[in-house]
Amino acid sequence: MWKRKDLKKKVRVSMRQSYWKMAAVCFVIAVLTTAYPVSATFINLQTSPGPQLSDAAFAPYLPNSEVISQTIKLFLENAPLSGLYSSTVADIIHSVIDLSSTNISVFFTALRAVNSFLSGAPGIAVFLVAAGTVLTFLYQIFISNILQVGEKRFFLEIRSYRHTPVSKIFFLFKLRYLHRPAWVMLCRSVFQTLWNFTIIGGIIKHYEYIMIPFILAENPKISRKDTFFLSKQLTEHNKWKLFLLDLSFAGWKLLSILTLGILDFVIVNPYITGCRSELYLALRRNYVLSRSPRYERLNDSYLEHVPSEDELLISKALYDDSQGPYTQTTYFAPEQYPVFLFSVQPPFRAVHSPVRPDRKYDVFSYILLFCSFSVFGWLLETMIYLIRNGVFTDNSALFGPWQPLYGIFGILSLLFTKRLNKKPALVFFVNFFIYSVLEYALNLISDLTLGHPFRDYSEFFLNLNGRIYVGGCVSFALLGCAFLYYLAPRWTDLFMRMGHAKRAALCAVLCLLFATDTVLTIVVAFS
């Protein structure tokens, strides 16, 4: 038996010990996946209604409610019901749609493709929207769903291992084991969607399938049939209690909506996910102890049993004899899950030495990182626009395929936060400040010299003179953390393999290309 009070009490203890990590994980998941749609409200909220064609880096091209409006207008253009779209009721419905849906959605991207086709858009436009739909579908399967399983893994470990890293959400990518979890999560989404048409059946199946990501987080090798069976067994006679548990969070959810999702980031998401993780472990414990059917598939005893130092030493000695992939790189990290004991082991080529965010960078490394992050920024924005909106757009300030803003921000982030790497929360806020000042200055200079800002954020919530807005600064602060803790060290490791002479030659070529592009852009702008 389990009680809501006991679950919440345990979660509050965990949050006191590892609050920032739990909040950071939920923040990353909210930004990168379709989970927690309310959380992204303040990031993408537009203060003026209607379709806004914004050039904001991480903002939607068209709100989801407007996509539905376009579809209905195409079919009901001359119908009496079409007049309802200017009513107050319609505005309320639009707000509900935008609050309950995400920008990364196969459904809404496909709807954009249908709208483009029905409105007689040029063939290339329809093709791009269709390509965006395919990319969104692949993103949903191989990134969004996989990250949600990684989030559950983090929460299952953090309760017993306080030093569990935030990067645990990428554990399936590190294991190079994606196909089976991706397939199971896809089946879950498809089955849930079909059951939703029955309404009541959709609610029941929602709670029957709710443990599937947790089961995959514990045992990624489990089959689809066993996963659905165990989730059904774990939630048997518990669905009503699960519903009451969710209902107990209604007050928090209402406050979160009133704060435009900010409270979701701060408290609600870590609290709810933590409670569900504690619930899974309680149900799992009872199921394993009772030796119920297929209990042996729940095979990760180290989630609750923290091995002693002697057990680790013996296990490590046996592991070394087996010549596993962690033989050379594994170490005893205090209060972290012993990865070399996990049921799924990565291939040898996937095991790398630990990332060192405090490493030193020479001049060549800074030049290569500037150019690499600039190109990365251009690719990122292009992919975001294509996935969300089915629109190919080039927002580069220069003619070439790079965004210098990313490169400048990345280098400044390295210079000012490298010594703060042991304080990720402080790194995030420093990145937020750096990007805010940088983009405000860029748009101010552009406004004074060209008569218009490079990017106009005037229609977005919490903007400052239309030159920056909170949502974009939050997104870049998160990206800056990824650059400091992973991208920059890994890219530099790759560059160092080239040798000094080759790195110097590559830097010279890149500097020449960038300088030429900059001069041409300035000449064209003032000609």
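Throughout, numbering of the chain's residues begins at 1 and tracks the sequence. It should be emphasised that the depicted structure is a prediction, and the values quoted were computed from it without experimental measurement.
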Discussion item. With no hydrogens and no angle check, just 3.5 Å: does a side-chain donor-acceptor pair link Ser248 and Lys8?
Written reply: yes
Worksheet item: About how many Å separate OG1 of Thr33 and CD1 of Ile146, when rounded to the nearest 0.5 Å?
Response: 12.0 Å
Practice prompt. Give the ring-plane orientation class for Phe373 versus Phe376, where under 30° counts as parallel, over 60° as perpendicular and anything between as tilted.
Written response: parallel
Discussion item. Please verify the inter-ring angle class for Tyr361 with Tyr366; under 30° counts as parallel, over 60° as perpendicular, anything in between as tilted.
Written reply: tilted
Worksheet item: What distance separates Ser372 OG from Ile367 CD1, expressed to the nearest 0.5 Å?
Response: 11.5 Å
Worksheet item: Between Arg497 and Asp493, does a salt bridge (charged side-chain N to carboxylate O under 4.0 Å, His left out) hold up when you go through it step by step?
Response: CA-CA 7 Å; Arg497 297 177 187 175; Asp493 288 342; over 6 Å; no
Item to complete: Walk me through it: do Asn219 and Asp300 pass the test side chain to side chain contact (heavy atoms under 4.5 Å, CB included)?
Response: CA-CA 7 Å; Asn219 181 10; Asp300 195 350; over 6 Å; no
Worksheet item: Looking just at side-chain N and O atoms, do Asn196 and Thr193 make a donor-acceptor pair shorter than 3.5 Å?
Response: no
Discussion item. Using a 6.0 Å distance limit plus a 45 degree cone around the ring axis, check whether Arg188 lies over the aromatic ring of Phe191.
Written reply: no
Fill in: Distance-minimising heavy-atom pair for Pro346 and Val351
CG-CG2, 3.7 Å
Fill in: Side chain to side chain, Ser189 and Asn145, heavy atoms closer than 4.5 Å
yes
Discussion item. If I compare all heavy atoms of Gly480 with all of Asn431, which pair ends up nearest, and what's the gap?
Written reply: C-ND2, 3.4 Å
Discussion item. Quick check on the 6.0 Å ring-centre criterion: do Phe495 and Phe364 meet it?
Written reply: no
Item to complete: Verify side chain to side chain contact (heavy atoms under 4.5 Å, CB included) between Ile203 and Trp195, making sure each step is shown before the conclusion.
Response: CA-CA 8 Å; Ile203 297 174; Trp195 276 106; over 6 Å; no
Worksheet entry | Side-chain donor/acceptor of Asn238 to backbone N/O of Glu236, under 3.5 Å | yes
Worksheet, complete the sentence: Tested for side-chain contact (heavy atoms from CB on, under 4.5 Å) against Cys26, the lone hit among Tyr271, Phe154, Phe155 is Phe155
Worksheet item: Distance only, no hydrogens: is a donor on one side chain within 3.5 Å (strictly under) of an acceptor on the other, for Gln17 and Ser14?
Response: no
Worksheet item: Got Tyr36 and Thr273 here, is their nearest side-chain heavy-atom distance under 4.5 Å?
Response: yes
Practice prompt. Determine, using ring centers only, whether Phe483 and Tyr406 are less than 6.0 Å apart.
Written response: no
Worksheet item: Do the side chain of Glu208 and the main chain of Ser231 share a donor and acceptor less than 3.5 angstrom apart?
Response: no
Worksheet item: Is the number of heavy atoms from other residues, nucleotides or ligands within 6.0 Å of CH2 (Trp183) greater than 12?
Response: no
Fill in: Taking every non-hydrogen atom, the tightest pair across Val268 and Ser256
CG2-CB, 4.4 Å
Item to complete: Check step by step if side chain to side chain contact (heavy atoms under 4.5 Å, CB included) holds for Val31 and Leu478.
Response: CA-CA 9 Å; Val31 172; Leu478 180 64; 4.0 Å; yes
Discussion item. In this structure, is the centre-to-centre distance between the rings of Phe476 and Tyr435 below 6.0 Å?
Written reply: yes
Response to the item:
By salt bridge (charged side-chain N to carboxylate O under 4.0 Å, His left out), Asp246 pairs with (sequence neighbours left out) Arg276
Fill in: Electrostatic pair Asp6-Lys10, nearest N-O below 4.0 angstrom
no
Item to complete: Verify the ring-centre separation between Tyr161 and His163: is it less than 6.0 angstrom?
Response: no
Item to complete: State whether the number of non-hydrogen atoms from other residues, nucleotides or ligands found under 6.0 Å of His179 atom NE2 is greater than 12.
Response: yes
Worksheet item: Does the Ser413 side chain pair with the main chain of Phe409, one donor and one acceptor, at a distance under 3.5 Å?
Response: no
Discussion item. Do Arg153 and Tyr337 form a cation-pi contact, if we require the NZ or CZ to be under 6.0 Å from the six-membered ring centre and within 45 degrees of the ring's axis?
Written reply: yes
Worksheet entry | Main-chain N/O of Glu157 paired with Ser160 side-chain donor or acceptor, under 3.5 Å | no
Worksheet item: Under 4.5 Å between any side-chain heavy atoms of Leu234 and Asn286, yes or no?
Response: no
Discussion item. As an exercise, state the distance from CE of Met211 to CG of Leu298, rounded to the nearest 0.5 Å.
Written reply: 11.5 Å
Worksheet entry | Step-by-step ring-ring contact (aromatic ring centres under 6.0 Å, His included) determination, Phe214 to Tyr280 | CA-CA 7 Å; Phe214 291 98; Tyr280 170 75; 5.5 Å; yes
Discussion item. Tell me if a side-chain donor or acceptor on Asp226 pairs with a main-chain N or O of Ser223 at a distance below 3.5 Å.
Written reply: no
Practice prompt. Verify whether the ring centers belonging to Trp252 and Phe249 lie closer than 6.0 Å.
Written response: no
Worksheet entry | Heavy-atom pair with the smallest gap, counting every atom of Arg359 and Met496 | NH2-CG, 4.1 Å
Fill in: Criterion side chain to side chain contact (heavy atoms under 4.5 Å, CB included) on Leu279 and Leu242, from CA distance to verdict
CA-CA 9 Å; Leu279 172 59; Leu242 281 165; 2.9 Å; yes
Worksheet item: So how far is it from Leu186 CG to Ile141 CD1, rounded to the nearest 0.5 Å?
Response: 4.5 Å
Practice prompt. Check whether any side-chain N or O of Asn421 sits under 3.5 Å from a backbone N or O of Thr417 as a donor-acceptor pair, and report yes or no.
Written response: no
Worksheet item: Taking atom OH of Tyr177 and atom CZ of Phe171, what is their separation to the nearest 0.5 Å?
Response: 11.0 Å
Practice prompt. Answer yes or no: is there a side-chain heavy-atom contact under 4.5 Å between Pro401 and Val375?
Written response: no
Worksheet item: Where do Leu175 and Pro347 come nearest, in terms of heavy atoms and distance?
Response: O-CD, 3.5 Å
Item to complete: List the steps, then state whether salt bridge (charged side-chain N to carboxylate O under 4.0 Å, His left out) holds for Asp358 with Lys422.
Response: CA-CA 9 Å; Asp358 58 343; Lys422 294 183 179 180; over 6 Å; no
Item to complete: Say whether, by atom type as modelled, one donor and one acceptor occur between the side chain of Thr235 and the main chain of Lys232 under 3.5 angstrom.
Response: yes
Fill in: Backbone of Lys221 reached by a side-chain donor or acceptor of Arg180 within 3.5 Å
yes
Worksheet item: Are the side chain of Ser290 and the backbone of Tyr287 linked by a donor-acceptor contact shorter than 3.5 Å?
Response: yes
Item to complete: Take Lys174 and Ser167, measure what side-chain hydrogen bond (donor to acceptor under 3.5 Å, both in side chains) needs, and give me the verdict at the end.
Response: CA-CA 10 Å; Lys174 293 179 180 179; Ser167 61; 3.3 Å; yes
Practice prompt. Side-chain contact test, heavy atoms from C-beta onward, threshold under 4.5 Å: evaluate it for Gln336 versus Thr164 and give yes or no.
Written response: no
Worksheet item: Between Tyr319 and Gln345, does any side-chain donor sit less than 3.5 Å from a side-chain acceptor?
Response: yes
Worksheet item: Under a 4.0 Å N-O cut-off, is there an ion pair linking Glu218 with Arg284?
Response: yes
Worksheet item: Can you check whether Val288's main-chain N or O pairs, donor with acceptor, with Arg291's side chain at less than 3.5 Å?
Response: yes
